[in-house]
Number of protein chains: 2
Amino acid sequence: MGIRIKDVAKAANVSTATVSRAISGKPGVGVETTEKIKKIIAEMGYRPNMSARGLASQQTHNIGIVSPREGNTVLGNPFFTRIFEGISNVLDKNQYNMISSFTYQHQQYLVENHVVDGILLFAVREDDSLLVQLRESRIPTIIVGSYEEEDFPNVCPDDSGGIASAVQYLVSKGHKEIELVNGPKTAFKSRLCLEGYEQAMKAHSLDPHSIIEVPEYDSVASYNHFIQRINDASNLPTAIVCSSDYLAFGVMKAANEHGIRIPEDLSIIGFGDVPFSSFTNPTLTTMHTNLLKLGTTSAQMLISKINGSNLRKKKRLFQMDLVERQSVKELK
Amino acid sequence: MGIRIKDVAKAANVSTATVSRAISGKPGVGVETTEKIKKIIAEMGYRPNMSARGLASQQTHNIGIVSPREGNTVLGNPFFTRIFEGISNVLDKNQYNMISSFTYQHQQYLVENHVVDGILLFAVREDDSLLVQLRESRIPTIIVGSYEEEDFPNVCPDDSGGIASAVQYLVSKGHKEIELVNGPKTAFKSRLCLEGYEQAMKAHSLDPHSIIEVPEYDSVASYNHFIQRINDASNLPTAIVCSSDYLAFGVMKAANEHGIRIPEDLSIIGFGDVPFSSFTNPTLTTMHTNLLKLGTTSAQMLISKINGSNLRKKKRLFQMDLVERQSVKELK
DNA sequence: TTGTATGCGTTATCAT
DNA sequence: ATGATAACGCATACAA
């Protein structure tokens, strides 16, 4: 095929060992020699074969970015893609490739073959079979996003605290009837959000309102469920907390179509601060966290783990902060 | 380290060659033997080493998904991520990994090493240095998304035709003053959209209005530019065509803040049919194309090219269709 | 249908 | 500082 390290060595009148050392920057090779070799590499257009390198060094230099959820649930969601950005940055610095895996089929392939050095697992739910396979395997894994167990290191937003802050804010604006629009209970995130909601309500001596459980973190589903909510009962609350901006978008659309004005008739607060939140009408008040940092942190943790570190902190929680916009009205 | 093909062979009382054949499903292995081997593999938890396999077979089984744009420009954009879904599906079926590359640094690494068998190049612009590197390299490459040159196979939406259809639709609704909000001219897409706009206007004997060139395909930039447009001159057109839904979102927000009602005072039509288009207020009329199919097509083309096929069709154009929603009003 | 032996391109060990 | 050479784990051409 192409041109090998052997060819470079021959052209430079040195051994393959020297070339290898020069490339990897390992000590034990003269400055002059190094320069000569680099020059020849450029001239000949030599491109190291990563398979061979991987075989010899017993590393793949690949990190798996995997989510058992449907591709679009993750890929189409700025919440995750923003995290990916952070990950991408530290992976690059450490010479790792990012292998995306969003289908069941590929994930099986990943678990059944030596193709990655470690895995960053996203949007996992407790009934995901991949979770048990990963536990059995010896593949270093970090779970990114809401998680409750202690078996894997985990970095995630403080869902519970975030929702509590949202409720707290609503209360400070005079609201007492506060309802939660949540995702499916199978998601760790939903359970944590529910927890935060209930605790916060209790802390303010308020009765938890009915909770709407949308089967997916999706605007369309949320829209449908909220329309049903409007039709089923007329006693709407004065405010709604959503465990995701996407859920909020659906609620806003449903409300709008039924002549329910936001925030005049109904206050609403989102969760996640997706870019689009500033482009709804009215703009959406929501909870924000540093996703980029969350991404870099998780990647760094994984790399540490791959390198044998024992990760003193198994869990990293990212605080959520309020972003005040137009969707919440002060109750007189 | 782990357990190798040799160990499996020993346990099964066969040769490594037989095990190898059994795994890859190559002909020449008895049914019984195959079953025995598969069982032992499962029992022992043997995981083939992909580096070794790649080295021996001279393939990496990796496909690079690369874009010279900032990570979020691509990742945060449903337009691209929807395409990724399609790609992901056919890559899986063909046992390929998807390596994402959204930073300059990693792309250099990709070009300077044998790490992928082929590349799917996104959102490229003519001044991207990667383009010339790729031309010099022998890496099979397909360009996905708007492109004008003939040097690489290319699959993309029919930007020019799409914009023309949008203008045509506006005209059919009685509009004569139609303005284009476009992306930066450095993007192939913008140039094609401009082309479609000018042709369509001419075809209807209409004067091309002033064109707003937003320096990035971004809602915030679009918002800022349209506010300036409103302040600079008072003669707003009756309708606006945007070359991206995101651009449209910015325009809608700016209009809304200035008391310009959509569609009563100003009709607007987007481009791309991003999921969020159905959640704006009013919902956005826009141009749609089958992104999933676009993705599968490009992946299939790349695989064909990798396998030595000579791709009879160098260019694949995807038709764009109108999705009628609420942002365009009929002029009496 | 199955086994033997060699090569894939690098890294790493041990010399020098 | 540099060289010779043995792994690394698998696929495959050739034999049997």
Side-chain angles (χ1 to χ4, degrees), chain A residues 1-38 40-41 44-62 95 97 109 112-117 138 307, chain B residues 1-38 40-41 44-62 95 97 109 112-117 138 307:
Chain A
M1 277 280 293
I3 150 175
R4 299 141 301 168
I5 208 173
K6 192 195 293 180
D7 305 316
V8 175
K10 198 167 295 173
N13 263 324
V14 295
S15 72
T16 62
T18 302
V19 176
S20 175
R21 282 188 280 252
I23 291 176
S24 59
K26 285 220 164 54
V29 45
V31 193
E32 259 181 57
T33 324
T34 303
E35 269 184 39
K36 182 174 66 178
I37 291 176
K38 294 247 184 201
I40 291 186
I41 285 181
M44 302 181 74
Y46 164 68
R47 303 195 309 145
N49 182 314
M50 299 319 279
S51 296
R53 179 176 291 177
L55 177 57
S57 66
Q58 295 288 51
Q59 294 191 347
T60 65
H61 286 283
N62 292 152
Q95 298 268 55
N97 300 307
Y109 166 79
E112 291 168 3
N113 294 275
H114 269 297
V115 25
V116 294
D117 293 336
R138 284 248 146 267
N307 293 333
Chain B
M1 278 279 291
I3 150 177
R4 298 142 302 168
I5 208 174
K6 192 195 294 182
D7 305 316
V8 176
K10 199 168 294 174
N13 262 324
V14 295
S15 72
T16 61
T18 301
V19 176
S20 175
R21 283 187 280 253
I23 291 175
S24 59
K26 288 224 162 51
V29 181
V31 194
E32 258 181 54
T33 324
T34 302
E35 268 184 40
K36 182 173 65 180
I37 292 176
K38 295 246 182 202
I40 291 186
I41 285 181
M44 301 181 75
Y46 164 68
R47 302 196 308 143
N49 181 314
M50 297 319 278
S51 294
R53 179 177 292 179
L55 178 56
S57 65
Q58 295 288 51
Q59 294 190 343
T60 65
H61 286 284
N62 292 152
Q95 298 268 56
N97 299 307
Y109 166 79
E112 291 167 2
N113 294 274
H114 268 296
V115 26
V116 296
D117 293 337
R138 284 249 145 264
N307 293 333

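Letters A, B, ... mirror the listed sequences (proteins, then strands); counts begin at 1.
Within the nucleic acid shown, B:Asp7 has no heavy atom closer than 4.0 Å to any nucleic acid atom. Residue contacts shown for B:Asn113 are absent, as no nucleic acid heavy atom lies under 4.0 Å away.
Between the C1' atom of C:dC8 and the CE atom of B:Met50 lies a distance of 15 Å, rounded to the nearest Å. For the pair A:Ile41 CD1 and C:dT10 C1', the computed distance is 13 Å after rounding to whole Å. In this structure, A:Asn13 places its CG atom 12 Å from P of D:dT2, rounding to the nearest Å. Taking atom NZ on A:Lys10 and atom C1' on D:dT2, their separation rounds to 18 Å, with Å as the unit. Atom-to-atom, CG of B:Asn49 to P of C:dC8 comes out at 18 Å; the value is rounded to the nearest Å. Summarising the geometry, the separation between CG on B:Leu55 and C1' on C:dT11 is reported as 12 Å, rounded to the nearest angstrom.
Side-chain N or O atoms of A:Lys6 include none that pairs as donor or acceptor with a backbone N or O of A:Thr16 at under 3.5 Å.
Scanning for side-chain contact (heavy atoms from CB on, under 4.5 Å) contacts around A:Thr33 gives A:Val14, A:Thr18, A:Val29, A:Ile37, with sequence neighbours left out. In this view, B:Arg4 and B:Asp7 satisfy the salt bridge (Lys or Arg N to Asp or Glu O under 4.0 Å) rule, not counting sequence neighbours. Among residues two or more places apart in sequence or in another chain, the salt bridge (Lys or Arg N to Asp or Glu O under 4.0 Å) test is passed with B:Arg21 by none. Looking at residues two or more places apart in sequence or on another chain, you find a side-chain contact (heavy atoms from CB on, under 4.5 Å) between A:Gln59 and A:Ser57, A:His61, A:Asp117. The side-chain contact (heavy atoms from CB on, under 4.5 Å) check on B:Ala11 picks up B:Ile40, B:Met44, with sequence neighbours excluded.
The bend of the helix from C:dT1-D:dA16 to C:dT16-D:dA1, defined by the angle between the axes of its first five and last five pairs, stands at 30° to the nearest 10°.
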Please step through side-chain contact (heavy atoms from CB on, under 4.5 Å) for the pair B:Val115 and A:Asn97, ending with a clear verdict. CA-CA 9 Å; B:Val115 26; A:Asn97 300 307; 3.9 Å; yes

Listing, residues 46-54 of chain B side-chain donor-acceptor contacts under 3.5 Å, not counting sequence neighbours, or none:
unit_1: B:Arg47; atom_1: NH1; unit_2: A:Val111; atom_2: O; d: 3.2
unit_1: B:Arg47; atom_1: NH1; unit_2: A:Asn113; atom_2: O; d: 3.0
unit_1: B:Arg47; atom_1: NH2; unit_2: A:His114; atom_2: ND1; d: 3.0
unit_1: B:Asn49; atom_1: OD1; unit_2: B:Ser51; atom_2: N; d: 2.8
unit_1: B:Asn49; atom_1: OD1; unit_2: B:Ala52; atom_2: N; d: 3.0

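For C:dG7, the OP1/OP2 oxygens have no side-chain nitrogen or oxygen of B:Gln58 closer than 4.0 Å.
Heavy-atom distances under 4.0 Å link DNA chain C to no residue of residues 29-38 of chain A.
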Reading nucleotides 11-16 of chain D 5' to 3', which nucleotides get B (base under 4.0 Å from a protein heavy atom), which S (sugar-phosphate only), which -? BBB---

